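Taking it in order: structure first as structure tokens, then the write-up.
As the structure lists them, so they are numbered: ligands from 1, and atoms in each ligand from 1. Keep in mind the model is a prediction, meaning the values are calculated, not measured.
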Amino acid sequence: MNKIRAAITGVAGYVPEYILTNEEISRMVDTSDEWIQSRTGIRERHILKEEGLGASDMGAQAVENLFKKTNTRPEDVDMLVWCGVTADMVFPATANIIADKVGVKNAFGFDINAGCSSFLFSLITLALFIETGKYEKIVLVGSEKLSVYVDYTDRATCPLFGDGAAAVLLEPSTEGLGLIDSIAKVDGVGRHVLHLKAGGSVLPPSMETVMRRQHFIYQEGQTVFKAAVSSMADTSTELMERNGLTADDIDWLVPHQANRRIIDATGSRVGLSKEKILINIDKYGNTSSATVPLCLWDFESKFKKGDNMIITTFGAGYTWGAIYLKWAYDGTRNENKI
Ligand code: UT7
């Protein structure tokens with residue numbers, strides 16, 4: 001029998017209604033639409049405004065959309081995993097909360113946090129479960145409410161991040177489709193330049209941490225920028241070389257969406273022409289674990305069965321890597337119109 005591989009057999013997303021434009025941000029801090037668009041490529045981002053809602057609510061919407069689109073019954077799901085950095089609570093796991101909200105009862109699941117590489121690391125991990133032959137339907141959902149950790153008085157970070165969610169269905173394929181190879185790396189040196197200082201076990205929340213504004217994203221932008229370009233380009237190139245692939249063999253590059261200039265620099269180092277590089281940062285900003293599945297969702301109609309795809313990400317930690325996969329179906333999967 002042919003090797004069992006993990007194929008993405010459906011994708012669906014959800015973004016909250018409220019759109020925060022560059023113009024609105026320009027009224028909060030000393031910036032401009034021109035600066036934000038030219039330095040980051042971001043035009044707008046979606047924000048979850050309603051009180052009392054969190055990452056699980058957007059994640060559950062994405063999973064429900066996925067179920068409708070792929071005609072999947074919640075009771076048939078073997079495993080549901082949430083990935084991201086903005087969990088509803090420190091515990092229990094957000095996967096449990098989403099499973100409850102969407103009616104998944106016969107499954108197990110857990111959370112994976114690898115910064116903006118959460119989705120990539122989760123895909124690599126869950127592919128191993130599918131490859132055992134024991135698991136047939138795995139739901140992976142990335143959802144983020146980053147707006148709660150954004151300091152809207154800091155012009156260096158507040159234009160960058162947005163809220164949103166997207167989910168994929170993973171199923172076994174014996175046709176040579178799905179995840180073929182991957183490289184994933186971590187380097188803790190990066191923890192100093194991109195993190196959230198307070199709220200964890202080292203520096204628990206207190207009046208002082210709030211007064212010092214330590215519950216917001218801290219980032220040394222230029223350092224992270226340089227590391228992101230070289231790491232995503234190097235791992236994508238290494239992965240292509242060891243699979244005997246040239247730029248001509250690649251149909252799509254799906255990069256983490258943190259900055260348009262990072263994406264362009266990565267694409268040109270890998271040697272890919274612009275039309276093969278998927279970009280939707282203009283609409284959503286950086287949604288961390290949701291960037292890659294939101295990209296797959298937005299561009300799904302263009303994909304064909306057997307397309308060669310490289311997914312590459314870089315995030316807090318540092319965490320980074322690349323996946324080589326063969327796409328498993330033609331066009332938009334919509335067995336049950338939503
Ligand atoms: O997903 C996790 C990984 N994260 C990333 O990959 C993000 C990586 N970093 C970046 O995307 C970029 O570094 C930023 C977008 C954060 C910043 O862009 P930059 O081109 O690296 O700007 P910079 O930090 O070098 O700042 C250049 C200038 C500074 O002014 P001076 O010191 O030259 O006078 C900043 O104060 O731009 C200023 N600046 C702004 N000006 C207007 C910074 N933010 C703004 C702003 N509007 N929003």
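Atom 30 (O) of ligand 1 has its closest protein heavy atom at R155 NH2, 4.2 Å. For atom 2 (C) of ligand 1, the nearest protein heavy atom (residue, atom name, distance) is C116 SG, 3.6 Å. Of all protein heavy atoms, the one closest to atom 24 (O) of ligand 1 is Q222 CG, 4.3 Å. Here the heavy atom of the protein found nearest to atom 7 (C) of ligand 1 is Q219 OE1, 3.5 Å.
Of the polar atoms of A228, none of the N or O atoms is found under 3.5 Å from an N or O of ligand 1, judged by distance alone.
For ligand 1, the atoms sitting less than 4.0 Å from at least one non-hydrogen atom of R261 are 18 (O), 19 (P), 20 (O), numbered in the order shown with element in parentheses. Heavy-atom contacts of T40 reach the following atoms of ligand 1: 15 (C) (cutoff under 4.0 Å). Near A258, meaning under 4.0 Å from one of its heavy atoms, ligand 1 places the atoms 1 (O), 5 (C), 6 (O). Atoms of ligand 1 found under 4.0 Å from any heavy atom of R39, numbered from 1 in the order shown, are 20 (O). Per-residue contacts place G221 under 4.0 angstrom from the following atoms of ligand 1 (heavy atoms of the residue considered): 8 (C), 9 (N), 13 (O). In summary, the atoms of ligand 1 found under 4.0 Å from a heavy atom of V224, numbered by their order in the structure, are 3 (C), 4 (N), 5 (C), 6 (O). Taking every non-hydrogen atom of T31 and a distance limit under 4.0 Å, the qualifying atoms of ligand 1 come out as 42 (C), 46 (C), 47 (N), 48 (N).
Using the six-membered ring where Trp is involved, Y135 and F129 have ring planes that are perpendicular, over 60° apart on the 30 and 60° scheme. In this structure, W320 and Y318 have perpendicular ring planes: the angle between them is above 60°, well past the 30° mark.
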Passes ring-ring contact (aromatic ring centres under 6.0 Å, His included), F303 versus W252? Steps please. CA-CA 9 Å; F303 304 153; W252 308 106; 5.6 Å; yes
Decide ring-ring contact (aromatic ring centres under 6.0 Å, His included) for Y149 and F216; before the verdict, give the C-alpha distance in whole Å, the side-chain angles of both, and the deciding distance to 0.1 Å. CA-CA 5 Å; Y149 298 117; F216 294 122; 8.4 Å; no
Could you go through the side chain to side chain contact (heavy atoms under 4.5 Å, CB included) check for R5 and I180 one step at a time? CA-CA 7 Å; R5 295 186 190 281; I180 311 285; 3.7 Å; yes
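Only the side chain of L194 comes within 4.0 Å of ligand 1, counting heavy atoms alone; its backbone N, CA, C and O stay farther away.
The closest heavy-atom contact to atom 44 (N) of ligand 1, among the options F225, F161, W35, W320, comes from W35. Of all the listed residues (N259, I262, N286), I262 holds the heavy atom that lies closest to atom 6 (O) of ligand 1.
The aromatic ring centres of H46 and Y284 sit less than 6.0 Å apart.
A distance-only check finds no donor-acceptor pair linking the side chain of N308 to the backbone of K326 [under 3.5 Å]. The closest donor-acceptor contact from the side chain of N286 to the backbone of L160 lies at 3.5 Å or more, if one exists at all.
The environment of CZ in R261 is crowded: more than 12 heavy-atom neighbours from other residues, nucleotides or ligands sit within 6.0 Å. The number of heavy atoms from other shown groups lying within 6.0 Å of NZ (K105) is above 12. Surrounding CD of E208 are at most 12 heavy atoms belonging to other residues, nucleotides or ligands under 6.0 Å away.
For atom 19 (P) of ligand 1, the nearest protein heavy atom lies closer than 4.0 Å. Not a single protein heavy atom sits closer than 4.0 Å to atom 34 (O) of ligand 1. At a distance under 4.0 Å, a protein heavy atom can be found next to atom 10 (C) of ligand 1. Proximity of atom 15 (C) of ligand 1 to the protein is indicated by at least one non-hydrogen atom lying closer than 4.0 angstrom.
Annotation: cation-pi geometry satisfied between K197 and Y218 (NZ/CZ under 6.0 angstrom from ring centroid, within 45° of ring axis).
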